[in-house]
Asks: 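Just passing along the structure, written as structure tokens.
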There are 2 protein chains.
Amino acid sequence: MQDIAEAAGVSPMTVSNCFRYPDRVRAKTREAVMKVAAELGYVPNMSAGLLAAGTSRVIGAVLPSIRNSSFYRYVAGLRQAATAEGHELITMIAETPEEEFSAVQTLLGLRVAGIALVAGPHAPELRQLLELSGTAVVESWGGDKAIGRGVSYDVGAASRALTRHLIAQGRRRIGFVQVSGGGGHRYTMRLPAFRQEMFAAGLSDSLVLTVRAADGFGSGAQILNEFLALEPKLDAILCPTDVVAAGAVFECQRRGLEVPGDIAVAGWGDYDIGRQLSPSLTTIAPFSDEIGQGAVSILLGDAPPSEGPLLTPYALEIRESA
Amino acid sequence: MQDIAEAAGVSPMTVSNCFRYPDRVRAKTREAVMKVAAELGYVPNMSAGLLAAGTSRVIGAVLPSIRNSSFYRYVAGLRQAATAEGHELITMIAETPEEEFSAVQTLLGLRVAGIALVAGPHAPELRQLLELSGTAVVESWGGDKAIGRGVSYDVGAASRALTRHLIAQGRRRIGFVQVSGGGGHRYTMRLPAFRQEMFAAGLSDSLVLTVRAADGFGSGAQILNEFLALEPKLDAILCPTDVVAAGAVFECQRRGLEVPGDIAVAGWGDYDIGRQLSPSLTTIAPFSDEIGQGAVSILLGDAPPSEGPLLTPYALEIRESA
DNA sequence: ATATAGAATTGTAGCGCTACAAAAATTTGT
DNA sequence: ACAAATTTTTGTAGCGCTACAATTCTATAT
């Protein structure tokens, strides 16, 4: 900074102001300083700045995986909102609770302005660590017991809406696919809602299959086969993701079953593949980018401060498959 | 730190050593300090540490997108190697050259130990900024003109191998799909290699179609149709990614064309979908995790120092589709 | 019991920056 | 032209930590 100041003929303090509070410096001076800085390749040391000022302009997000594209829109929303508020977003990938804990420690070490978590299994000490740190935290897809505050759409309502839609279409033997491992927590609200609606319609709510993880087409095929072994007259299935639903549709085609003629297949998540597929998938669109935006607004303290999670919209996308 | 030191009855310096050089502290002392730190939720301020020590244990990676899963294995490799070397990995997503430039500025501001870029269009000032900064840089999938040093498999050799394979299978009218926009640079080596082999075999190398971006199934279908309009006797196509290839396969099925009977379809990248699909896709497996590991080894200075890019392995995966 | 090598622990100074208040320069009003 | 109001610029002190050297403690040999 000293070098830039000398080269530009101003004091170090003016250089600092140019980067941190451009408005406080006259345009002419600022341009001269910025020019010299660009020539010398000077980028302010954020660490020193953070240390001196005590506040950071970086938000950290921990993602459970980038194995599939499900977090693309979420991250886009985070990034867009962070940028709009003059912050930067850094992400860390953590596939296990232990890795997540370690990622949070790193983010805390960096003294980021806020941390965006994704709901799922967490290390038991995580909540306490974050509370003691005093860092702003938000848990996306989190509900009432979220670490920090939750941001999510109403998963239960979405699940009920989708179930009701299938029933309204005349489906009677509806199978539900439950996810246990991995990001299981993000799915837990769906089953009770499904059961509730099925019960209310006087239908059997016991056609439930549990799969470990919801990754890939393979599980879709497997699920379909298991369901058909369980209930040959199955006329609809509710899949945990569009990817699994796509796998199920492929398997239907292989077996000569018509979708939606013989079996209705519903997905979840409004993935690209669901739009491209023929038949296109009926699904729940979670507008994950709004979850990301909501998360940032909470972290930066400009969200409406109310009890419980911040609710974002969702939509039932009725397409060809169900 | 002061608080921890007092609570544990040691000097601040010992607390510092516990976190930074655990071996320098007697096990008993260390445990006592760590226990207090855990209770109080103390996490060392990396910024202050960096400022004082002048070195960081964080590596930054800039990813062009997480829209599809293609970087999953790459990031896994980066992460694994970084962790093995006692470093942390943070990632930034940047979808345009401008965003990438800004991401690099942030990483530079954080004074990370090294920056891993992905080959593609860069902002013109990026190279100079990084050179002036003196930060270690590596460009994954980068070649001779990489910013910093390149790490990549031999894309040209892979393209030649795949082309030769198709020719050896008796294919004569082979279409090649070229990508222009987006991460185009990562694809540029493929076409010349394709042409070379086609020419060497006395075949026409002019069945080339250019698409803007290689995202999604939709483009696969479109490409197939355009190719067939161009050359009805087409007997093979080389797609830029497995996803596009899958889209082409779907379209073949829709049109009643047999794969590989009527048309051979080759993908690239060894994506999950290529293994799951029926017919499974013949593809190039790039072992992206090794690219990630190589990138970290270069950044941390323990890669064999030679001229040109660090070469990682690749494999021609011959499966059902070609 | 004492000397000595080695391990463990501890002060000191300073990393690069910014908050804050004070000083200097500029603009505005009369 | 001069004072007052406003804008722009500038020192000073200190953020939390670690390198390094100096000091204290522990284990071993004589």
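Each chain gets a letter, A, B and so on, in the order the sequences are listed, and its residues count up from 1.
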Asks: Can you label the angle between the A:Y153 ring and the A:Y314 ring as parallel, tilted or perpendicular, going by 30° and 60°?
Replies: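 Correct class here is tilted.
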
Asks: Compare the minimum distances between each of D:dA19, D:dC17, C:dC17 and the side chain of A:M1, then state the nucleotide with the smallest one.
Replies: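 Per side-chain heavy atoms of A:M1, the pick is C:dC17.
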
Asks: Just the rounded figure in Å: distance from P of D:dC17 to CZ of B:F19.
Replies: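 Atom-to-atom, B:F19 to D:dC17, this comes out as 9 Å.
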
Asks: Can a side chain N or O of B:Y42 be found less than 4.0 Å away from OP1 or OP2 on D:dC17?
Replies: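 Answer is yes, contact under 4.0 Å.
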
Asks: Could you tell me how far apart A:N45 (CG) and D:dC15 (C1') are, to the nearest whole angstrom?
Replies: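 Nearest whole value for this atom pair: 13 Å.
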
Asks: Within this structure, what is the CE-to-P distance between B:M13 and C:dG11, rounded to whole angstrom?
Replies: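 So the two atoms are 11 Å apart, to the nearest Å.
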
Asks: Looking only at side-chain N and O atoms, does B:Y21 come under 4.0 Å of OP1 or OP2 in C:dA8?
Replies: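 No, outside the criterion.
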
Asks: Under 4.0 Å, heavy atoms only, any strand: does A:G54 hit a base, just the sugar-phosphate, or nothing?
Replies: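 The answer is nothing, as A:G54 stays clear of every strand by at least 4.0 Å.
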
Asks: Using whole Å, report how far CG of A:L50 lies from P of D:dG14.
Replies: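 One finds 19 Å between P of D:dG14 and CG of A:L50, rounded.
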
Asks: Between A:D23 and B:Q2, which has a closest nucleotide on DNA chain D that is more 5'?
Replies: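 Going by which nucleotide is closer to the 5' end, it is A:D23.
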
Asks: Are OP1 or OP2 of D:dT9 and a side-chain N or O of A:T29 less than 4.0 angstrom apart?
Replies: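 Yes, because at least one side-chain N or O of A:T29 sits under 4.0 Å from OP1 or OP2 of D:dT9.
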
Asks: For the side chain of A:V10, counting heavy atoms from C-beta on, which of C:dT10, D:dT9, D:dT10 is nearest?
Replies: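 Nearest nucleotide to the side chain: D:dT10.
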
Asks: Between B:R20 and D:dT18, is there a contact of a side-chain N or O with OP1 or OP2 at under 4.0 Å?
Replies: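 Answer yes for this pair, as a side-chain N or O of B:R20 is under 4.0 Å from OP1 or OP2.
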
Asks: Determine: side-chain N/O of A:T14 to OP1/OP2 of D:dT9, distance under 4.0 Å, yes or no.
Replies: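 No.
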
Asks: Rounded at 0.5 Å granularity, tell me how far CD1 in A:I90 sits from OG1 in B:T106.
Replies: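 The OG1 atom of B:T106 is 9.0 Å from CD1 of A:I90, to the nearest 0.5 Å.
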
Asks: Please give, in whole Å, the distance from D:dT8 C1' to A:K28 NZ?
Replies: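 In whole Å, D:dT8 C1' lies 13 Å from A:K28 NZ.
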
Asks: Return the value, rounded to whole Å, for the distance between atom CZ of A:R24 and atom C1' of C:dC17.
Replies: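 One finds 14 Å between C1' of C:dC17 and CZ of A:R24, rounded.
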
Asks: To the nearest Å, how far apart are A:N17 CG and C:dA19 C1'?
Replies: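 Rounding to the nearest Å, CG of A:N17 and C1' of C:dA19 are 10 Å apart.
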
Asks: If I take atom CG in residue B:L110 and atom P in nucleotide C:dC15, what distance separates them, rounded to the nearest angstrom?
Replies: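 From B:L110 CG to C:dC15 P: 21 Å.
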
Asks: In terms of side-chain heavy atoms of A:S16, which of C:dA19, C:dC17, C:dT18 is nearest?
Replies: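 Among the listed nucleotides, the one closest to the side chain of A:S16 is C:dT18.
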
Asks: State, yes or no, whether a side-chain contact exists between B:L117 and B:L126 at a heavy-atom distance under 4.5 Å.
Replies: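 Result yes, sub-4.5 Å side-chain heavy-atom pair found.
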
Asks: How many angstroms lie between OG1 in B:T14 and CZ in B:R24, if you round to the nearest 0.5 Å?
Replies: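 Result: 11.0 Å between the selected atoms.
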
Asks: Start at the 5' end of DNA chain C and walk down; is the nucleotide closest to B:A52 or to A:P12 reached first?
Replies: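 Looking at DNA chain C, the more 5' nearest nucleotide goes with B:A52.
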
Asks: Which comes earlier along DNA chain C counting from the 5' end, the contact point of B:L51 or that of B:R26, where each point is its nearest nucleotide?
Replies: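 Its nearest nucleotide being more 5', the pick is B:R26.
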
Asks: Can you confirm whether A:Q128 is buried at CD, in the sense that more than 12 heavy atoms of other residues, nucleotides or ligands lie under 6.0 Å from that atom?
Replies: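 No, because the 6.0 Å sphere around CD of A:Q128 holds 12 heavy atoms or fewer from other groups.
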
